[in-house]
Amino acid sequence: MSKASGYAAKDATSPLAPFSFDRREPGPDDVQIEIAYCGVCHSDLHQARNDWKNSLYPMVPGHEIVGKVTKVGSNVKKFKVGDVAAVGCMVDSCGGCPNCKDDLEQFCAEGMTPTYNSHERDGKTLAQGGYSDQIVVKESFVLKVPGKLDLAAAAPLLCAGITTYSPLRHWKVGKGSKVGIVGLGGLGHMGVKFAVAFGAEVTVFTTSPNKKDDALRLGAHHVVVSKNAAEMEAVQGQFDFILDTVSAPHDLNAFLTLLKRDGTLTLVGVPDKDHPSPAAFNLIFGRKSLAGSLIGGIAETQEMLDFCGKHNITSDIEMIKIQDIETAFTRMGKSDVKYRFVIDMKSLPKAA
Ligand code: NAP
Ligand code: ZN
């Protein structure tokens, strides 16, 4: 065991505070990473505050992790000490079920092991995330970051990136597609960048009129303020695919009616309370689909990182010290994020 230090939530209501805990020594298949930066995902806030009613405490959040390799086990082939390495939303899975064999570990039949707020596969040890100085992860769940990407701005690719890349690929968004991205936050702004890079015509739907200029700067072709009934009315029936990244319950009918025949509305946001069920009429007329998507498999995450390296895509970030995490959470709760907070782990006090 080695001592790690991080910031943890001890329950659903206390602010995150310094926390010291044990990490395992790397086994033969493990990579130990000194964490340089960790992105702040809205899922961190949901789970720190027990929004999903499944939180395990003490909880060190964080699943957008980048850093340098400090130790490798004897069987490790892809990484050596000093390499840049990254970890996303999961750190293990059964490896043998049909979903794992199809490179879709996120849907592991036994349940994948999330990076934090879970038990490791021994069923006992609490998995702890990236708001910490180091992490030990099985090599097969460690990713490579293309060298030319800014490391801090690459951290959010590990969740916000793959969570938007994967559904855009799965629903074959490309040249000629008319795509809507709902919610311009961490996920949404990456969704815009990917949909534009894939050649789609992209419309951002936002509740924040002050994000209009940013949406266009990020590459969107059009912006609709979703609270404005006239603006929504003007784009009825136009979209092949809409990706909904909103973190709060809202009316899905408003977006289903924007789809063309055979169009799909895919949810990636996970609100604390479910969205009200949409009207059957809005699905039946036009043979529309309502779908969901969960992060992406490890191979696809590497594919996404390589795509970002090739096309120079990273996240727009605001760097914070770990001591400012509660302010960041509060701002995130108010949709005031441009467009991902990233924690500089140099700010973390060293373990005593
Ligand atoms: P975020 O940065 O806070 O962005 C969410 C955006 O949703 C906000 O910026 C805001 O955009 C919009 N929004 C927030 N509250 C709203 C409300 N009451 N009504 C309408 N719009 C609202 O969050 P994120 O990190 O992108 O995460 C978004 C959601 O995805 C979270 O629920 C998170 O847990 C979930 N998530 C899912 C997966 C997955 O695998 N499926 C992975 C990661 C995260 P505007 O200001 O533009 O309206
Ligand atoms: Zn996330």
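Since we're looking at a predicted model, the values are computed, not measured. Start at 1 and go down the list; that is how both ligands and their atoms are numbered.
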Between D214 and K211, is there a side-chain N and carboxylate O pair less than 4.0 Å apart?
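Result for this pair is no, no salt bridge flagged.
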Is a salt bridge present between D262 and K288, judged by a nitrogen-to-oxygen distance below 4.0 Å?
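No.
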Which protein heavy atom lies closest to [atom], and at what distance to 0.1 Å?
atom                    : answer
atom 2 (O) of ligand 1  : G186 N, 2.8 Å
atom 21 (N) of ligand 1 : V246 CG1, 3.4 Å
atom 34 (O) of ligand 1 : S43 OG, 2.8 Å
atom 4 (O) of ligand 1  : G185 CA, 3.3 Å
atom 23 (O) of ligand 1 : H42 CB, 3.1 Å
atom 29 (C) of ligand 1 : T245 O, 3.4 Å
atom 39 (C) of ligand 1 : T163 CG2, 3.4 Å
atom 32 (O) of ligand 1 : H46 NE2, 2.8 Å

Should you measure from each heavy atom of [X], which atoms of ligand 1 turn up under 4.0 Å away?
X    : value
G269 : 29 (C), 30 (O), 32 (O), 35 (C)
C159 : 42 (C), 43 (C)
K211 : 9 (O), 11 (O), 45 (P), 46 (O), 47 (O)
T206 : 45 (P), 46 (O), 47 (O), 48 (O)
I295 : 39 (C), 40 (O)
W52  : 34 (O)
R340 : 24 (P), 25 (O)
V268 : 30 (O), 35 (C), 36 (N), 37 (C), 38 (C), 39 (C), 41 (N)

Passing option when R340 is tested against H189, H42, E64 for side chain to side chain donor-acceptor pair (under 3.5 Å)
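Single side chain to side chain donor-acceptor pair (under 3.5 Å) partner of R340 among H189, H42, E64: E64.
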Establish, for the pair R169 and F307, whether the NZ or CZ atom is under 6.0 angstrom from the six-membered ring centre and no further than 45 degrees off its axis.
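Yes; both conditions hold, so R169 lies above the ring face of F307.
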Let me see the working for E120 and R23 under salt bridge (Lys or Arg N to Asp or Glu O under 4.0 Å), right down to the final yes or no.
CA-CA 12 Å; E120 292 183 5; R23 295 275 194 203; 5.6 Å; no
Pairs of nitrogen or oxygen atoms closer than 3.5 Å, one from C41 and one from ligand 1: do any exist?
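The answer is no, given that C41 and ligand 1 share no N or O pair closer than 3.5 Å.
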Indicate yes or no: does an N/O atom of F205 lie under 3.5 Å from an N/O atom of ligand 1?
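Checking ligand 1 against F205, no N or O pair falls under 3.5 Å apart.
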Could you label the plane-to-plane angle of the H63 and Y116 rings as parallel, tilted or perpendicular, counting under 30° as parallel and over 60° as perpendicular?
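H63 vs Y116 ring planes: tilted.
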Taking the six-membered ring for Trp, are F198 and Y165 parallel (under 30°), tilted (30 to 60°) or perpendicular (over 60°)?
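Rings of F198 and Y165: perpendicular, as their planes differ by over 60°.
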Does a sphere of radius 6.0 Å around CD in E34 hold more than 12 heavy atoms from other residues, nucleotides or ligands, not counting ones at 6.0 Å or beyond?
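No, not enclosed.
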For the CG atom on N75, are there more than 12 heavy atoms of other groups (residues, nucleotides or ligands in this structure) within a distance under 6.0 Å?
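Enclosed: over 12 neighbouring heavy atoms sit under 6.0 Å from CG of N75.
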Rounded to 10 degrees, what angle sits at the Zn ion (ligand 2) between C159 SG and H63 NE2?
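Answer comes to 110°, rounded to 10°.
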Among L16, V40, N117, which residue satisfies the side chain to side chain contact (heavy atoms under 4.5 Å, CB included) criterion with P61?
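Among L16, V40, N117, the one that satisfies the side chain to side chain contact (heavy atoms under 4.5 Å, CB included) with P61 is L16.
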Shortest heavy-atom approach to atom 26 (O) of ligand 1 - which of D51, N210, L187
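Checking each option, the heavy atom nearest atom 26 (O) of ligand 1 is found in L187.
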Between the side chains of Y339 and E318, does any donor sit under 3.5 Å from an acceptor?
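The answer is no; no qualifying pair exists.
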S2 and Q134 side chains, donor-acceptor separation under 3.5 Å
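Distance-only check passes for Q134 and S2.
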Contact check: C41 to the Zn ion (ligand 2), N/O/S below 2.8 Å
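Yes, since at least one N, O or S atom of C41 sits under 2.8 Å from the Zn ion (ligand 2).
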When you compare the side chain of F21 with that of L126, does any pair of heavy atoms fall below 4.5 Å?
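They are not in contact (no side-chain heavy atoms under 4.5 Å apart), so the answer is no.
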Would you say V337 contacts ligand 1, with heavy atoms under 4.0 Å as the rule?
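Contact absent.
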